[in-house]
Amino acid sequence: MSTLDHTIVPGETIGTGSSTGYRALTDGAGEPHCLRTELADHAGPVTGKSVLRFVHLTDFQLADPFSPGRLDFLQRLAGRPGWDAMFPAYRPQEVVALQAFEAVVRTIGELGSVRAEFVITTGDNTDNAQLNELRAFLALMDGGTELDPAFGATDLRTHPSHTVSGDFYNPAPASRDRYKRDHGFPDVPGVLAAAAHPFVTQGVGMPWLACFGNHDCLAQGRAPVTETFQRLVTGGRRPVGAGELPYDPMDRYLADPTVLSNGPAVSIAPDADRRLVSPAEYIQAHLDSQAHPPGHGFTEQNLVDGTAYYCYDEIPGVRVIVLDTTNPAGHVTGSIGPRQRDWLIDRLVEVHSAHLDADGVEVETGNPDRVVLLASHHGLTMLDNTVEGPQADLPRYLADDIEAVLHRFGNVVLWIAGHEHRNAVTPHRGASGGFWHLITSGLCEWPCQVRQLELLLPEPDSADAVLIIRSTMIDHAAPVRPGTALDLWDLASLHRELAANEPSRVGGPHSAGTAADRNVELVVPISQALAAVLRAE
């Protein structure tokens, strides 16, 4: 269901009683590829040898809805000055999120047009770094597991957001919550019961690589984990409202991630599998996976070194460098420490026959050239995290320094990332030519798509020493409009429709970006030496 053929777009307003208008989705006209030449010209056709094809997906934020660590009740404070870093705390579509994620994975596995060397997910695969969330994510990607969307609850109708407040979306007809009153969200009888039905995961069906995000290691993606927080999330008290509200919520939360969980609560069954895993346990779980490649990029050396970054060199002529941009001292944005910065420079030198040193002087190494693709959770605009703490490798290196390093190495052509939950494609010109920086929107929110990327080397008679990076957005194969059977595909369809109508500032139609951020063909200059290597592979 490529947007080259058609795309799914918000359609006409339906329903009544809405001040903003709830929109169903419809098939729209497909988007052609837009040629972007900000980094290099290319006069010839956009054809040639395929160097690499892969699929990028990001930001599942797969959440245990009953977790006592959740702060969904804060969503009613959205827009409050000083609280931006605490949102979004809740998404109305999350009740059917696992069915939507399974639909995405099945579509990748079944749609022949996205056959690829690998799939890569750039972090925030879990919402609260919980063991049960991690197991569910691995079950989705690997396949062959009966997955329980209710995480052990007998009925999603018992979820606190459906029983104690009209501030959350409840599809049951008896509910007159604010999403229905103010935004025209629909009554959908039977959804909560259907959404709790287990299903057998199919798996992505090809090699897949992992990446570490802030939600994969920090409490709610924000704070270092404490013993007090571990006791909260594994216990039987589920907060449904905040107690006394601090004036400095992020600073207070970084110091104590239970600070906002002392208000009213309901009783739930305690669950030890809700504990937050350490980075080492996260990596070990990937090493224990039976799907390919072993460790999904992570290696035993990561465990020895206490790191979560690596290289993947299984594609001839290509090196994939996966960074860990999370700051273990906390906060939602990213940065890297000196140990990882030095490692990055060493890995770049290894795949460049020549590069610039820190003073701009060319250095010849004699090393074999490879195309370099970078992947991380945070992109450049989000590398501003200077939080210090005993967990952090200091000093923290930010966007300007990391970009300056990359501009010394001409084989770097593409950097992919997530975190921002929006589509964006930006050129970064430098002394060695430059690279394209590509952000893909999150699966947890509209437009609920994945991005296929292909690197093409023009025909040998082309006068240009360039690569073409072709990006194509892919919709999952659920119906445009949900049916009444309320099977997995109908629930995935409902997830996408609800996501398109999300009223908060995060998510909603703007997350899709512009046409220049979706189906694009990006021209990037490369050296004649690298072009020769790629033609010989």
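Owing to the predicted nature of the structure, the values given are computational and were not obtained by experimental measurement.
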Between Asp27 and Arg481, does the salt bridge (Lys or Arg N to Asp or Glu O under 4.0 Å) criterion hold? Intermediate values first, please. CA-CA 10 Å; Asp27 280 320; Arg481 296 193 180 186; over 6 Å; no

Measure across His215 and Gln220 and return the closest heavy-atom pair with its distance rounded to 0.1 Å. CE1-O, 3.2 Å

Taking all heavy atoms of Asn125 and all of Thr121, pick out the closest pair and write down the distance. OD1-OG1, 2.7 Å

If I take atom CZ from residue Phe185 and atom CD from residue Gln93, how far apart are they, to the nearest 0.5 angstrom? 7.5 Å

Checking side-chain polar atoms at under 3.5 Å, does Ser441 have a donor or acceptor matched by the opposite partner on Trp446? no

Is a side-chain donor-acceptor pair under 3.5 Å present for His421 with Asp59? yes

Looking only at heavy atoms, the pair that brings Glu445 and Pro88 closest together is OE2-CG, 4.0 Å

Please check if atom CZ in Arg252 has more than 12 non-hydrogen atoms from other residues, nucleotides or ligands closer than 6.0 Å. no

From CZ (Arg238) to OG (Ser267), nearest 0.5 Å: 12.5 Å

Taking the side chain from Asn519 and the backbone from Ala515, do they hold a donor-acceptor pair closer than 3.5 Å? no

Nearest 0.5 Å, what's the CG-CG distance between Asp124 and Leu62? 11.5 Å

Nearest 0.5 angstrom please: Tyr253 OH to Thr258 OG1, how far? 8.5 Å

For the student: nearest non-hydrogen atoms of Ile268 and Phe66, plus distance: CD1-O, 3.5 Å

Among side-chain atoms of Gln284 and Asp288, is any donor-acceptor pair under 3.5 angstrom? yes

Is Arg496 reaching over with its side chain to a backbone N or O of Pro479, donor-acceptor style, under 3.5 angstrom? yes

Contact between Leu276 and Gln230 at the side-chain level, heavy atoms closer than 4.5 Å - yes or no? yes

Tell me if a side-chain donor or acceptor on Thr201 pairs with a main-chain N or O of Thr145 at a distance below 3.5 Å. yes

Gap between atom CG of Leu486 and atom OG of Ser493 - 0.5 Å precision: 10.5 Å

Side chains of His378 and Thr333, donor plus acceptor under 3.5 Å: no

Any luck finding a side-chain donor-acceptor pair between His56 and Thr122 under 3.5 Å? yes

Evaluate the ring planes of Phe54 and Phe118, with Trp represented by its six-membered ring, and classify them as parallel (under 30°), tilted (30 to 60°) or perpendicular (over 60°). parallel

Does Met86 offer a backbone N or O that forms a donor-acceptor pair with the side chain of Arg222 under 3.5 Å? yes

Are the side chains of Leu498 and Tyr22 in contact, using a 4.5 Å heavy-atom criterion? yes

Would Arg451 and Asp517 count as a salt bridge (Lys or Arg N to Asp or Glu O under 4.0 Å) here? Give the steps. CA-CA 11 Å; Arg451 192 190 293 264; Asp517 300 310; over 6 Å; no

Could you pull out the closest heavy-atom pair between Trp489 and Ala478, with the gap in Å? O-CB, 3.4 Å

Answer with yes or no after comparing the ring centroid distance for Trp208 and Phe137 against a 6.0 Å cut-off, counting only values under it. yes

Could you tell me whether the side chain of Asn423 and the main chain of Ala512 form a donor-acceptor pair under 3.5 Å? yes

Distance-only, no hydrogens or angles: does the Gln75 side chain make a donor-acceptor pair with backbone N or O of Ala89 under 3.5 Å? yes

Do you know which two heavy atoms are closest between Gly379 and His437, and how far apart they sit? CA-NE2, 3.4 Å

Apply salt bridge (Lys or Arg N to Asp or Glu O under 4.0 Å) to Glu502 and Arg91, showing your working. CA-CA 7 Å; Glu502 164 59 55; Arg91 300 174 177 89; over 6 Å; no

In this structure, CG of Leu453 is separated from CG of Leu52 (nearest 0.5 Å) by 8.5 Å

Can you label the angle between the Tyr282 ring and the His286 ring as parallel, tilted or perpendicular, going by 30° and 60°? tilted

Check the side chains of Thr126 and Asp216 for a donor-acceptor pair under 3.5 angstrom, ignoring hydrogens and angles. yes

Looking at Arg422 and Ile439, would you say the former's side chain and the latter's main chain have a donor-acceptor pair under 3.5 Å? no

